[in-house]
Amino acid sequence: METLTSHNITVMLLSLGILLCVAHLLGEIAQRIQQPAVLGELLAGVLLGPTVLGRLAPEISGILFPLQGVNAIALDAIATLAIVLFLLVAGMEVDLSTVWKQGRIGVRVGITSIVIPFSLSFVAAWVAPESLGWHMESDPLIFAFFLAIAVSISALPIIAKTLMDIGLYRSDLGMVVVSAAIFNDLVGWIVFAVVLGLIGTPPGNGNTILLTIVLTLAFAAAMLTAGRWLIHKVLPFVQVYTRWPGGELGFALVLGLLGAAFTEWIGIHAIFGSFIAGVAIGDSSHLRERTRVIIDKFVSFIFAPVFFASIGLKVNFLTHFDVSLVLTVLFIACACKLTGGAMGARWGGMSFREAWAVGFAMVSVGAMGIIVGMIALEAGIIHQRLFVALIVMAMVTSMLSGPSIRMILHTEKKRGLRERLTSKLFLRELKGASRREVIHEMTAAACEVEGLDAGSVERAVWSREEALSTGIGNGVAIPHARIAGLRRSVVVVGISTGGIDFDSPDDKPVNVIFLILTPQEMSSAQLDIASDIARLFRDQRVVENVVRTENFTDFLALLRTGPDSRWGRGKAAV
């Protein structure tokens with residue numbers, strides 16, 4: 001039996017160390033300039049692969065990152081494990097209840113943002129395959145399916161991160177985009193799994209293509225129904241009888257690997273099994289937000305950089321860069337995704353400005369498009385020329401999304417947060433000890449001032465809170481709702497010295513709560529206020545100083561001067 005020699009192990013560890021180091025370094029630089037980390041991680045592979053290092057120092061490149069042999073197989077196995085775990089994390093980001101609770105808008109955006117890009121891309125690939133990089137050896141039908149999936153699928157992790165960066169993740173618009181991206185991911189990966197089954201069955205597997213597809217759909221249905229219910233029931237026992245966070249982390253990884261093994265066995269790529277397992281795990285309300293973050297960091301900082309960097313080791317990007325093909329694929333992706341998202345938002349009743357913001361949010365293809373392209377390349381469906389075009393398309397769409405949303409949502413003059421605050425709705429010390437209690441207390445105060453029905457307003461706010469927690473991190477929460485009959489936007493400020501559990505992403509208790517009530521017809525007002533709050537409270541010191549304020553005047557002064565004011569330092573020194 002062939003095993004790794006001491007030399008093989010030395011080379012493997014050295015190459016992994018170098019790959020991970022460069023990927024982390026460039027990933028951090030990418031994030032510093034407000035770009036996805038995956039952009040830097042992919043660039044690391046380009047620099048260390050045949051594109052740069054292979055051209056400048058081919059001997060060193062051949063030793064560290066060989067294309068054949070035991071070390072190549074070892075690196076490929078590690079990259080496979082990395083992408084399986086990455087898709088597990090991507091699945092855990094999917095909250096099925098968010099899709100249903102968001103209602104018709106999210107579903108409509110989800111439908112149009114996948115149907116329109118898929119249909120138009122499929123037709124383009126079927127009518128003019130040569131113009132889009134098709135080669136004679138591959139089935140034109142399979143080629144058209146793969147290109148349509150690569151263009152229409154959405155990058156849920158990057159979309160969520162973009163919305164978090166601009167302070168809109170917990171907003172109504174953010175909820176629409178996230179629910180639509182969840183819908184896209186589920187439909188896209190299921191269709192992708194079926195297409196993989198159409199390619200043929202792997203050697204040694206006696207399943208027919210039809211049986212493979214039936215088993216795939218049965219696996220997805222079982223995991224998202226009975227499996228999801230069973231995981232929800234078992235998770236509390238894992239939390240009680242194992243050490244945190246190791247117990248939950250191990251539980252999630254085991255299920256992800258078992259799901260991946262099953263789908264690989266039935267003839268579908270392992271990533272589909274880990275993704276569906278992640279959806280089933282992540283949908284349980286017993287899984288704490290902090291645990292999700294730990295699992296995400298564990299995978300994102302160790303395994304994901306290895307996979308995305310390894311992509312650059314496989315292809316010479318300069319040799320296979322075709323300008324016309326890149327521009328064609330990029331144009332099709334941007335036009336189709338933007339149109340699909342915007343049309344769905346308008347169909348759901350959103351304003352033109354919000355609809356365009358949704359469209360640009362859904363444009364991002366990111367890591368998911370890269371993964372689809374990678375599998376298509378390995379399966380022989382596409383050649384390296386189209387693969388390079390898909391990589392460029394995925395990166396450009398991810399870079400385009402955030403700046404475009406910022407520009408669209410700030411084109412109109414808006415009233416700031418300070419102009420909407422009033423001393424009558426400043427609650428210096430909240431009496432409630434839970435989310436439900438403080439929402440009751442704050443809605444009661446707002447309704448007394450505005451003359452609204454407290455019961456209906458509270459139900460609207462709590463229904464929104466149940467759909468997706470409004471804790472945005474750094475000790476701040478923004479529960480909100482659109483209220484029919486409300487004449488103007490109302491903001492209630494509540495301070496809790498002891499802190500309230502809002503299941504925030506950073507798992508920190510919330511000390512400052514902004515209840516935002518906006519008129520039903522003013523769709524953009526809540527976005528403006530939420531964005532202002534996210535900007536003002538980006539620094540943890542602001543929250544700490546707010547807790548020490550004694551009255552409404554001090555609170556306004558702090559918002560105006562920021563965390564580095566003399567007032568803030570003086571109070572902190574007391």
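Positions are given from 1, in the same order as the sequence printed here.
Closest of all the heavy-atom pairs between E41 and P305 is OE2-CG, 3.6 Å. Nearest heavy-atom pair across S504 and G471 is OG-CA, 3.5 Å. Nearest heavy-atom pair across A260 and V84 is CB-CG1, 3.7 Å. Across all non-hydrogen atoms, the minimal contact from A280 to M223 is CB-O, 3.5 Å. Taking both residues in full, the closest heavy atoms of V438 and R435 are given as CG2-O, 3.2 Å, listed atom of the first, atom of the second, then distance. Closest non-hydrogen pair, D501 versus D503, comes out as OD1-N, 2.9 Å.
How far CD1 of I294 is from CD of E248: 8.5 Å, rounded to the nearest 0.5 Å. Remark: L258 CG to T263 OG1 distance equals 11.0 Å, nearest 0.5 Å. Taken from CZ in R464 to CD1 in I439, the straight-line distance is 10.5 Å, to the nearest 0.5 Å. Rounding to the nearest 0.5 angstrom, the gap separating the CG atom in L486 from the CD atom in E450 is 6.0 Å. Here the CD1-CD distance, from I33 to E28, works out to 12.0 Å after rounding to the nearest 0.5 Å. Atom CD1 of I281 sits about 5.5 Å away from atom CG of L88, to the nearest 0.5 Å.
The aromatic rings of F301 and H24 lie parallel to each other, their planes meeting at an angle below 30°, with 60° marking the opposite boundary. Using the six-membered ring where Trp is involved, Y241 and F237 have ring planes that are parallel, under 30° apart on the 30 and 60° scheme.
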> Should N551 and R428 be marked as a side-chain contact (heavy atoms from CB on, under 4.5 Å) after you check the CA-CA gap, both sets of side-chain angles, and the distance that decides it?
Replying inline: CA-CA 7 Å; N551 51 54; R428 176 59 190 83; over 6 Å; no

>> Would E465 and R436 count as a salt bridge (charged side-chain N to carboxylate O under 4.0 Å, His left out) here? Give the steps.
In response: CA-CA 9 Å; E465 186 68 32; R436 190 62 189 263; over 6 Å; no

>> Could you walk me through whether L425 and L421 satisfy the side-chain contact (heavy atoms from CB on, under 4.5 Å) test, starting with their C-alpha distance in whole Å, then the side-chain angles of each, then the deciding distance to 0.1 Å, before giving a yes or no?
In response: CA-CA 7 Å; L425 295 177; L421 298 176; over 6 Å; no

> Given the rule in the side-chain contact (heavy atoms from CB on, under 4.5 Å) test, do M362 and V177 qualify, once you have shown the distances and angles that lead to the verdict?
Replying inline: CA-CA 7 Å; M362 298 305 296; V177 172; 3.9 Å; yes

>> Between L400 and C334, is the side-chain contact (heavy atoms from CB on, under 4.5 Å) condition met? List the steps.
In response: CA-CA 9 Å; L400 180 68; C334 290; 4.3 Å; yes

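In this structure, V461 and L517 have side chains that are in contact, with non-hydrogen atoms separated by less than 4.5 Å. Residues K337 and T397 form no side-chain contact, since every pair of their non-hydrogen atoms from C-beta on lies 4.5 Å or further apart. The closest side-chain heavy-atom distance from L249 to L253 is below 4.5 Å. Within the 4.5 Å cutoff, the side chain of K424 has no heavy atoms near those of the E448 side chain. Here the side chains of T470 and H480 are in contact, with some heavy-atom distance below 4.5 Å. A heavy-atom distance below 4.5 Å is not found between the side chains of D453 and C447. In this structure the side chain of V151 never reaches within 4.5 angstrom of the side chain of F118, judged on heavy atoms. I513 has its side chain within reach of F502: a pair of non-hydrogen atoms, C-beta onward, lies under 4.5 Å apart.
Contact check on R459 versus E466 returns no salt bridge, with no Lys/Arg side-chain nitrogen under 4.0 Å from an Asp/Glu carboxylate oxygen.
Heavy-atom contacts from other residues, nucleotides or ligands closer than 6.0 Å to CD of E437 number more than 12. The neighbour count for H232 NE2, taken as heavy atoms of other residues, nucleotides or ligands under 6.0 Å away, is above 12.
There is a side-chain donor-acceptor pair under 3.5 Å between E429 and T497.
In this structure a side-chain-to-backbone donor-acceptor pair under 3.5 Å is missing from T339 to C336. For R482 (side chain) and P519 (main-chain N/O), no donor-acceptor pair under 3.5 Å exists by modelled atom type. Side-chain N or O atoms of S113 include none that pairs as donor or acceptor with a backbone N or O of G341 at under 3.5 Å.
In this structure, the ring of F86 has its center no less than 6.0 angstrom from the ring center of F303.
Considering V493, V492, I495 as possible partners of L427, the one that fulfils the side chain to side chain contact (heavy atoms under 4.5 Å, CB included) test is V492. Across L87, L287, D283, a single residue satisfies side chain to side chain contact (heavy atoms under 4.5 Å, CB included) together with M92, and that is L287.
Remark: R346 is positioned above the aromatic ring of F352, its terminal NZ or CZ atom under 6.0 angstrom from the ring centre and at most 45 degrees off the axis.
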